[in-house]
Amino acid sequence: MTQVADYVLQRLSEWGVQRVYGYPGDGINGLLGAFDRADGEPEFIQARHEEMAAFMACAHAKFTGEVGCCVATSGPGAVHLLNGLYDAKLDHQPVVAVVGQQKRLSLGTHYQQEIALDQLFADVSEYCQMVVHPGQARHVIDRAFKTALTTRGVATIIIPNDVQEEDAMSSPPREHGSVFSSVGWSRPRVLPDHDELRKAADVLNAGDKVAMLVGQGAANAEAEVMEVAELLGAGVAKALLGREVLPDDLPYVTGPIGLLGSKASDKMMQGCDTLLMVGSSFPYSEWLPEEGQARGVEIDIDGRMIGIRYPMDAHLVGDSGETLRALIPLLQRKKDRGWREKIEKDVREWHDLADRWAGEHFGKTINPQAVAAELSARLPDDAILTADSGSGTNWWARHLKLREGMRASLSGTLATMGPGTPYAIAARFAYPDRPVIAFVGDGAFQMNGMNEMITVKRYLDRLSGPAPLVFCVFNNQDLNQVTWEQRAMAGDPKYPGSQDIPDVPYAAYAELLGLKGIVCTDPKKVGSAWDEALAVGRPVVLEFKVDAEIAPIPPHIMKEQGKKAGKAALHDPQLAGIATKGVRQKLTEYAEHLPGRGKK
Ligand SMILES: Cc1ncc(C[n+]2csc(CCOP(=O)(O)OP(=O)(O)O)c2C)c(N)n1
Ligand SMILES: [Mg+2]
């Protein structure tokens, strides 16, 4: 007779789950036995840490559009999942977590590893339920998937270990109280209100200078976004999670926005009279037009999220592709293309400026911007790019130019450290033939990336192949992003006690594990290091020793931050470096106005 655990895995399979990322423990002994019997359908993928398993599940959802699935034992294993699940919740990804619990008999006795899991998972989950009866498993699983898909969120299934080992009941008894659920869900077509659509068209037609901001919600509406941008003579800025919506080589794509953003996006937001936001909950309103400056139209599939970042004049609750298609016939093509031409000029200037920043040499250490710029020129077709949270995220956002068909993601809203490496691993499991490249800071690599290299070793045969798999580590021996935040936001100098981190030989460590390790310390060899890493044929840790003194400054330093950073610099242990490099990078920005460097 099959057990409830066997039935659970069978139902996950029926929901299309091929891989479950997890880590074992006796709270899920029943499930582990069932995984063994299931013979790969679904497959258990062993991470080093439950948080990594949850990141992998989240990345699976982001890169495939399917539900990601992770599993952990009761108590500590369940606690470890949380940060990865919050990443999914905040970035609106469907993830189902299955966690063990102590047996029913012991619950409520302060038993070993007994945690009130229903309470612990209540905030992160859109649906959280404990299976206390074998006949309940079917509908709890079904509702978990239906809820994760409908809400684009996390659903948690808690299964006490004794329940896992009970006889399965695929169909509950035909009696009062039983329910009979089915596997199945389909994405609804969500269309906006007709009058609101007309209102939106009026606003957009009346504007002379339209700025568009797209987020991940516009991911399946590339053609429509392009058509609307063309009609409206608009430029398009991309929130980080929306960076795969449009390639970066289009002349009117102003690129990233915000603290990690481009000067072209910033100029467009400052100069526009109309804002069209599509599928984005980009949080920082200081990078949007000032209230009253622009009229606004927003498209979002989630009515709870519409008109909460900038006061909008038309609120279109609907699917971005469908809504833009409905809008297009109502839009008049802007005859005056002056605004569009200005944006395209700003975009060209921005690309030149970013190239100049990346091309600057500061003595013997590598300019981290060059690491991204050199890769950008070499990006293989169909590459999938991931980033951790740190200063590298800035270079990833500003200096990597995505071409058509490339994918890119990171922890956009939780902005947690740690996902860069597990995202890349999950991407590779989902797409074994596609190149996958992760940008990871040394702090994040020490936090958990190094351990996940053991996962890469564990699955080396499957993760190797002609398509590159590269973990690019920015070795600056600093928690640099926060060091700069201390300087620019708090006005404090770098505090070495919290910011310095030890130098670790990451490439040598990779070699120890049987992976390829490449270390680059020479600014002149950044490009050739990439060439080598992209041609190896097995997973690579590519370590660059980079300069920690280059500020991940925004396109134009906000006055307040500039003042604070100046004050902080006076007492900073790295005063000399940050002062000269900061000033030089600022100068490059205005280089076209300097004698001897004609305006392009
Ligand atoms: C889990 C978590 N802890 C702390 C932070 C705050 N934080 C953001 S970036 C960062 C520094 C990252 O350092 P590193 O990985 O070395 O990258 P770097 O900025 O040096 O390039 C820290 C501590 C965070 N976002 N997430
Ligand atoms: Mg660092």
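All values below were derived from every heavy atom in this structure, side-chain atoms included, with hydrogens, water molecules and symmetry-related copies excluded. All ligand and atom numbering here is 1-based and tracks the order in the structure. Just so it is clear, the model here is predicted, and its values are computed rather than measured.
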Considering only the protein, which heavy-atom contact is closest to [atom], and what is its distance?
{"atom": "atom 4 (C) of ligand 1", "result": "M417 SD, 3.7 Å"}
{"atom": "atom 1 (C) of ligand 1", "result": "T416 OG1, 3.5 Å"}
{"atom": "atom 10 (C) of ligand 1", "result": "V482 CG2, 3.5 Å"}
{"atom": "atom 15 (O) of ligand 1", "result": "A444 N, 2.9 Å"}

Could [X] and [Y] be called an ion pair, given the rule that one side-chain N must be under 4.0 Å from one carboxylate O?
{"X": "D382", "Y": "R407", "value": "no"}
{"X": "D248", "Y": "R403", "value": "no"}
{"X": "D346", "Y": "K263", "value": "no"}

Atom indices of ligand 1, in the order listed, that fall short of 4.0 Å to a heavy atom of [X]:
{"X": "D478", "value": "16 (O), 20 (O)"}
{"X": "A415", "value": "25 (N)"}
{"X": "N476", "value": "18 (P), 20 (O), 21 (O)"}
{"X": "G443", "value": "14 (P), 15 (O), 16 (O)"}
{"X": "N480", "value": "18 (P), 19 (O), 20 (O)"}

Out of G392, S389, G449, whose heavy atom is nearest to atom 12 (C) of ligand 1? S389
Please compare G390, S391, G441, S411 and report which has the shortest non-hydrogen distance to atom 21 (O) of ligand 1. S391
According to the interplanar angle, ranging from 0 to 90°, do the rings of Y284 and F282 count as parallel (below 30°), tilted (30 to 60°) or perpendicular (above 60°)? perpendicular
Between Y506 and F445 (judged by ring centroids, cut-off 6.0 Å), do the two rings come close enough to count as a pair? yes
Taking the six-membered ring for Trp and the full ring for Phe, Tyr or His, determine whether the centres of W357 and W350 are under 6.0 Å apart. yes
Does L479 offer a backbone N or O that forms a donor-acceptor pair with the side chain of Q499 under 3.5 Å? yes
Would you check if the side chain of E51 reaches a backbone N or O of L82 as a donor-acceptor pair within less than 3.5 Å? no
Do any N/O/S atoms of N476 come under 2.8 Å of the Mg ion (ligand 2)? yes
Which N, O or S atom of D478 lies nearest to the Mg ion (ligand 2), by name: O
Name of the D442 atom (N/O/S only) found closest to the Mg ion (ligand 2): OD1
Applying side-chain contact (heavy atoms from CB on, under 4.5 Å) between T421 and each of R48, M453, M447, report the one that passes. M453
